[in-house]
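Below is one structure, written out as structure tokens; comments come after it.
This chain uses plain numbering: 1 for the first residue, then up along the sequence. FYI, side chains are in, hydrogens and waters are out, and symmetry mates aren't considered; it's all heavy atoms of this structure.
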Amino acid sequence: MPPTHLTSTHLTPAKPDAVAPVEAVAPLMRGITVLQRLTDAGGTSSLSALEKATGLARSTVDRIAATLARMGYVRLDGRDAVLTPRLMELGNAYLAALRLPRLLDGRADALADELDESVSLAVGDRDGIRFIHQATRRRAMSLSFRIGDLLPAERTAPGPLFATQWTDEDWTRWRERRAADPEDHGFPAVPPREHPTGDEEFEERTREAEARGWALDDQLIEPGLVAVSVPVRDRGGRIACVVSVVSHTSRHTADSLRDTLLPRLRATVRAMERDLRDAPAQQPAAPSAPAGLATWTGASKHELGREFIESLARGLTVITAFGEGRAELTLTEVAQATGLARATARRALITLEHLGQVAAHGRTFTLTPRVLALGFPPLSRTTLPQIAAPHLAELADRLHDSASLAVLAGDEIQYTARVATSRIMSVNITVGTRFPAYATSLGRVMLSDLTEAERGPLLTGLHALTPHTVTDPGALTATLDHVREAGYALVDGELEEGLRSIAVPVRDRTGRVVAAVNVAMHSSRRTVEQCLGEVLPELTTTAGRIEGDLRMAGRFARVPVA
């Protein structure tokens with residue numbers, strides 16, 4: 001049978017039988033449980049389903065959801081709670097502090113390109129493994145593992161490698177977990193085990209991995225999936241992470257994967273280990289000014305009353321005190337980074353340590369891989385259209401006009417997200433529709449970001465779609481230069497008579513324009529001056545919000561733009 005629902009007195013502590021410390025913050029424990037259940041549900045769940053999944057009272061679930069929504073971690077959509085990219089700041093804090101993705105992901109991506117197979121980086125998480133980077137191949141049969149997914153060690157190739165470093169206590173915990181959950185219902189990322197095996201099999205695989213220095217997964221997770229793994233060791237000889245090449249049996253057997261790809265995998269691991277050795281020591285980041293958290297939570301409490309759980313908001317923010325250059329922090333440093341009182345920060349750290357998100361090392365604290373369980377797996381597969389959709393809906397609701405997102409596809413634009421308004425006379429465009437880029441506001445915004453060499457071939461052979469369409473390459477080049485300088489494009493009747501639209505760019509973390517958003521209407525709806533005065537500010541704000549979510553989601557995960 002699956003594990004029973006968690007209650008407020010048993011909220012997945014680091015040690016399953018551990019009793020919560022007296023100083024633990026119960027609202028923080030409950031809030032983390034709600035986030036974990038939302039994660040297990042794929043990022044979306046009704047509030048009534050969360051009530052059942054957590055065993056919490058409905059009023060408690062409602063208050064937690066309202067608090068998470070205030071923090072920007074959850075969006076309330078009718079009766080559903082939906083995780084938002086802003087929540088990824090918690091997992092980003094762990095990955096930034098770890099540094100491994102930033103130091104090694106380039107090598108992993110290059111290996112995936114070279115072998116034309118999926119490559120992953122994983123770290124040990126108690127008696128499981130958790131992915132910290134994925135370089136996947138886009139095929140009809142592709143792997144569904146995500147950054148942050150937790151897998152049982154015994155059903156993976158990295159597992160026996162990590163197990164070579166387990167203590168007697170680790171082995172005891174593993175055996176207890178296996179006995180309590182023989183079908184692996186506690187691991188939502190993998191299918192339930194149909195034929196449980198004895199402990200001896202994994203123990204033997206661990207001995208073999210220690211002797212060989214590599215390990216195989218021959219369809220342990222599910223039929224057809226095979227993988228070979230090699231550990232990456234740090235300067236002290238400990239396993240920092242494990243690199244895996246993953247395929248399926250229509251391309252490789254486990255033996256051919258080992259014989260054909262293991263040598264190239266080992267060469268990449270040697271290069272990764274050199275990178276770790278040569279990387280400069282992590283310098284402590286300069287202390288940042290307190291975030292004003294106490295002031296913000298106080299104001300939120302004043303506005304929302306009992307619906308806002310101040311201790312939950314403050315406790316989650318403690319996680320964001322960590323990051324690159326802040327991998328290990330003392331209590332004082334956490335309090336300084338968050339602006340919280342020492343006593344408040346201490347209780348939050350005690351709670352997070354009990355739940356396994358934080359580990360204590362004498363006077364310092366570090367984040368653990370378990371932080372990734374707070375929303376990262378489903379959010380790591382978020383696409384740009386998914387990010388944009390709720391923002392476009394809000395924009396359309398405010399302006400009562402259709403709003404769209406599009407990307408550049410050669411010399412055309414392709415609509416990838418759209419929210420239409422209900423009008424007798426409206427702009428009738430669907431997702432997937434393509435138009436010539438040169439005659440649209442969306443296209444001109446994206447064309448304006450291209451270099452002259454990139455843009456040139458796209459501005460030849462132009463034809464007029466209406467009497468107003470600009471087709472002269474010189475005139476269009478001058479228009480695009482103005483668009484780039486102004487930061488927006490307004491097109492009036494050039495694609496279709498009577499159609500007026502205004503667009504602004506959407507930029508990624510590097511500042512490159514990857515998409516554009518626009519508002520389109522019949523010319524009788526608003527004058528050009530009204531478009532600039534009323535629509536453009538709202539459009540710019542919306543693009544900024546989309547960019548903020550895109551930067552958060554794209555820090556350690558790839559965000560497909562279409």
Side-chain angles (χ1 to χ4, degrees), residues 94-95 98 100-101 103-105 107-109 111-112 115 117-136 143-167 170-171 173-174 177-178 184 186-187 189-190 193 197 199 201-222 225-234 237-248 252 254 257-258 261-262 264-266 268-270 272-273 276 368-370 372-373 376-377 380:
Y94 163 73
L95 294 172
L98 185 66
L100 292 178
L103 292 173
L104 306 181
D105 62 1
R107 300 272 189 195
D109 294 346
L111 181 63
L115 303 181
E117 299 288 355
S118 295
V119 174
S120 65
L121 303 180
V123 294
D125 188 353
R126 299 184 309 282
D127 58 352
I129 69 143
R130 205 177 287 273
F131 293 110
I132 59 170
H133 181 72
Q134 289 282 2
T136 57
L143 303 178
S144 60
F145 295 132
R146 306 159 299 184
I147 297 175
D149 270 336
L150 178 68
L151 277 61
E154 68 276 9
R155 293 178 65 182
T156 69
L161 294 165
F162 287 115
T164 62
Q165 299 185 156
W166 283 1
T167 64
D170 294 328
W171 280 104
R173 181 174 58 237
W174 174 76
R177 186 262 293 168
R178 292 260 294 164
D184 293 335
F187 296 86
V190 298
R193 187 193 300 269
T197 57
D199 295 351
E201 180 179 319
F202 181 60
E203 293 166 358
E204 176 60 26
R205 289 180 61 219
T206 300
R207 287 190 289 270
E208 291 177 354
E210 187 166 27
R212 296 170 174 172
W214 51 268
L216 280 176
D217 166 7
D218 189 358
Q219 307 180 73
L220 294 171
I221 291 177
E222 66 178 10
L225 182 67
V226 291
V228 60
S229 297
V230 175
V232 177
R233 297 185 182 274
D234 62 20
R238 298 282 295 175
I239 297 177
C241 66
V242 169
V243 189
S244 302
V245 177
V246 189
S247 188
H248 50 77
H252 286 281
L257 196 67
R258 174 198 61 206
L261 305 185
L262 181 58
R264 282 178 278 181
L265 172 57
R266 279 177 151 166
T268 293
V269 166
R270 288 193 292 271
M272 287 179 170
E273 290 177 338
L276 291 186
T368 74
R370 202 170 192 184
L372 294 173
F376 215 91
S380 70

Task: E117 vs V246, side-chain contact (heavy atoms from CB on, under 4.5 Å): CA-CA, chis, key distance, verdict - done: CA-CA 6 Å; E117 299 288 355; V246 189; over 6 Å; no
- [ ] List in chain and number order the residues that pass salt bridge (charged side-chain N to carboxylate O under 4.0 Å, His left out) with D234, two or more places apart in sequence or in another chain; answer none if no residue qualifies.
- [x] none
Open item on the list: Nearest 0.5 Å, please: how far is CG in L95 from CG in L372?
Closed with: 5.0 Å
Open item on the list: My understanding is that only residues two or more places apart in sequence, or in another chain, count here; which of them pass side-chain hydrogen bond (donor to acceptor under 3.5 Å, both in side chains) with T156?
Closed with: none
Task: Set of side-chain hydrogen bond (donor to acceptor under 3.5 Å, both in side chains) partners for S120, sequence neighbours left out - done: none
Open item on the list: When you compare the side chain of Q219 with that of V226, does any pair of heavy atoms fall below 4.5 Å?
Closed with: yes
Open item on the list: Using 0.5 Å steps for rounding, measure from the CH2 atom of W171 to the CG atom of D127.
Closed with: 10.0 Å
TODO: Report the distance from atom OG1 of T197 to atom CZ of F202, rounding to the nearest 0.5 Å.
DONE: 10.0 Å
Task: Interatomic spacing from CG in L225 to CD1 in I221 - rounded to 0.5 Å - done: 5.5 Å
TODO: Might you work through the side-chain contact (heavy atoms from CB on, under 4.5 Å) test for L265 and V228, ending with a clear yes or no?
DONE: CA-CA 9 Å; L265 172 57; V228 60; 4.0 Å; yes
TODO: Rounded to the nearest 0.5 Å, what's the gap from OG on S244 to CD on Q134? Could you check?
DONE: 9.0 Å
Open item on the list: Keeping T368 on the side-chain end and R370 on the backbone end, is there a donor-acceptor pair under 3.5 Å?
Closed with: yes
TODO: Supply the atom-to-atom distance I132 CD1 to I147 CD1, rounded to the nearest 0.5 angstrom.
DONE: 9.0 Å
- [ ] Check whether any side-chain heavy atom of V245 lies under 4.5 Å from a side-chain heavy atom of S118, and answer yes or no.
- [x] no
Open item on the list: Strictly by salt bridge (charged side-chain N to carboxylate O under 4.0 Å, His left out), give each pair with a member in residues 154-163 just once, sequence neighbours left out.
Closed with: E154-R177, E154-R178, E154-R193, R155-D184
TODO: Taking the side chain as every heavy atom from C-beta outward, state whether L104 and C241 have any atom pair closer than 4.5 Å.
DONE: yes
Atom pairs and distances, donor-acceptor, side-chain atoms in residues 157-166, under 3.5 Å, two or more places apart:
from : atom 1 : to   : atom 2 : distance (Å)
T164 : OG1    : L161 : O      : 2.5
Q165 : OE1    : I239 : N      : 3.0

Task: Summary of side chain to side chain donor-acceptor pair (under 3.5 Å) pairs that have at least one residue in residues 201-217, sequence neighbours excluded - done: R175-E203, E204-R207
TODO: Take L151 and F145 through the side-chain contact (heavy atoms from CB on, under 4.5 Å) test and state the conclusion after the steps.
DONE: CA-CA 9 Å; L151 277 61; F145 295 132; 3.7 Å; yes
Task: pair V119-V243: side-chain heavy atoms closer than 4.5 Å - done: yes
Task: side-chain contact (heavy atoms from CB on, under 4.5 Å) partners of T268, counting only residues at least two apart - done: R107, L111, M272
Task: Any residue meeting side-chain contact (heavy atoms from CB on, under 4.5 Å) with P369, in chain and number order, not counting sequence neighbours - done: Y94, V123, D125, R130
TODO: Please examine the side chains of L276 and V232, heavy atoms only from C-beta on, and report whether any two atoms are closer than 4.5 Å.
DONE: yes
Task: Set of residues satisfying side-chain hydrogen bond (donor to acceptor under 3.5 Å, both in side chains) with respect to D109, sequence neighbours excluded - done: H133, R558
